[in-house]
Amino acid sequence: MIKNCLKLKDLSIQEITKILAVAEKCKDGAYRNVLTDKIVANLFFEPSTRTHYSFNVAEERLGMKVINFDPASSSLQKGESFYDTVKTFEALGIDAVVIRDQEDEYYNKLLGKIDIPIINAGDGVKDHPSQSLLDLMTIKEEFNTFKGIKVAVIGDIIHSRVAHTNIEVMERLGMECYISGPKEYEDDAYRFIDLATALKTMDVIMLLRIQHERHLSESAMSPDEYHLAYGLTLERVALMKDKAIILHPAPFNRNIELSDDVVECSKSRIFKQMRNGVYIRMALLLRSLLSSSEWEKY
Ligand code: CP
């Protein structure tokens, strides 16, 4: 059976717990160079820094051979399709593909037609499973539990695959989830909390990038106005609970959703999230490329 990782909804709590446990072992130095016979292709059809290169580092740590596809110098420029590009890598003998694309559920074009695992590195506004897993790893390291942990996701909810993926899995894990920020970025499917209450009561403040390339041009609110109304400043950080933490999937807009001095303040776990991303992605690659019986032993 092909072990894709397409959306977290497909994974049971038991499977998610296993991935988090393997990631922690990877963080402790385990499983270096266990996939030296495997070749992986990173196919990023949409820009990425963290996800692309943390998969790259994870693959290197596992001893894999890595092909980093460059759309700009590929036959996409001659009109080759997404499907034919992925199918070509399969024909070349690649063992797995890591794919990011701007189209929601791009993988539906591939399912049943390619016989190698697909690891989703982000699709449109739908899912970003490895990001949510690294967020969960960072929360678990902090609080040692998910049950009852309160999180507010603040910002551009409606177009955020991180928000959608996280809220679904966090609620399944027993966390109490809210959204906050401007009404125009809200998604009615979720519970709203005002910023002042969120700062005082949440264990996790998760900020999202304001996708100004898509929104602020249509918005009544300028970046400065957004920062004034919703941006996390040190004054607002001082209102948070003692043990509360700040997460952000990044890239972040300094001095819009958070001020410069908050990025690396004592409550920020933003760079820890990035580091944990390497270990989560090692675990996902192991899950997809080891046999089920081998994976069970990890
Ligand atoms: N968090 C995240 O997905 O960042 P990149 O877009 O840089 O991969």
Side-chain angles (χ1 to χ4, degrees), residues 5-8 19-20 23 40-61 66-72 96-107 118-139 141 151 153-170 179 181 185 204-215 232 245-254 256-258 262-264 268-285:
C5 176
L6 304 177
K7 43 190 176 178
L8 279 194
I19 291 165
L20 295 178
V40 63
N42 297 322
L43 309 181
F44 281 71
F45 298 89
E46 187 195 86
S48 167
T49 298
R50 271 143 298 277
T51 313
H52 187 161
Y53 297 104
S54 62
F55 264 112
N56 205 154
V57 173
E59 291 151 359
E60 299 276 350
R61 293 246 183 269
V66 184
I67 293 174
N68 283 305
F69 171 71
D70 172 24
V97 281
V98 175
I99 302 180
R100 171 177 287 189
D101 192 71
Q102 62 193 11
E103 187 175 318
D104 292 357
E105 300 182 354
Y106 65 78
Y107 43 78
I118 304 164
I119 301 178
N120 182 10
D123 64 295
V125 299
K126 280 286 189 173
D127 285 274
H128 196 345
S130 61
Q131 177 69 47
S132 289
L133 287 165
L134 73 88
D135 293 340
L136 294 178
M137 181 174 179
T138 309
I139 291 167
E141 285 179 349
V151 58
V153 186
I154 302 175
D156 187 357
I157 310 293
I158 196 109
H159 289 101
S160 170
R161 56 193 172 212
V162 175
H164 298 135
T165 312
N166 262 334
I167 293 172
E168 186 280 327
V169 71
M170 286 175 174
I179 59 164
Y185 300 155
V204 179
I205 294 288
M206 179 178 286
L207 304 171
L208 297 179
R209 183 172 78 93
I210 300 307
Q211 300 183 42
H212 51 84
E213 72 277 16
R214 283 203 271 181
H215 299 290
L232 194 59
I245 60 167
I246 300 159
L247 302 181
H248 191 312
F252 35 79
N253 297 306
R254 286 178 186 257
I256 303 183
E257 68 265 18
L258 76 176
V262 169
V263 172
E264 296 182 62
S268 170
R269 299 293 180 271
I270 295 173
F271 288 96
K272 188 177 189 190
Q273 286 173 272
M274 294 181 202
R275 175 165 286 276
N276 283 344
V278 171
Y279 308 115
I280 284 294
R281 287 161 181 140
M282 287 175 76
L284 288 176
L285 288 155

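Just so you know, ligand 1 is whichever comes first in the structure, and atom 1 is the first atom listed for that ligand.
- The two residues G277 and L134 make their nearest non-hydrogen contact at CA-CD2, 3.6 Å.
- Under a 3.5 Å cut-off, the side chain of H164 and the backbone N or O of V125 do form a donor-acceptor pair.
- Nearest protein heavy-atom neighbour of atom 7 (O) of ligand 1: T49 N, 2.8 Å.
- Short contacts between ligand 1 and T51, defined as distances under 4.0 Å to a heavy atom of the residue, involve ligand atoms 2 (C), 3 (O), 4 (O), 5 (P), 8 (O).
- Across I246 and V262, no two heavy atoms sit closer than the pair CD1-CG1, 3.9 Å.
- For A250, the closest heavy-atom approach to ligand 1 falls below 4.0 Å.
- Nearest to atom 4 (O) of ligand 1 among the protein's heavy atoms is R50 NE, 3.1 Å.
- In plain terms, the two heavy atoms of P71 and F44 that are nearest each other are CG-O, 3.1 Å.
- For the residue pair R100 and S48, the shortest heavy atom distance occurs at NH1-CB, 3.3 Å.
- For the pairing with E59, the side-chain contact (heavy atoms from CB on, under 4.5 Å) check across N42, I67, V278 returns one residue only, N42.
- Close contacts between ligand 1 and H128 involve ligand atoms 2 (C), 3 (O) [criterion: under 4.0 Å to a heavy atom].
- For the pair R100 and ligand 1, the shortest N or O to N or O distance falls below 3.5 Å.
- No N or O atom of P251 sits closer than 3.5 Å to an N or O atom of ligand 1.
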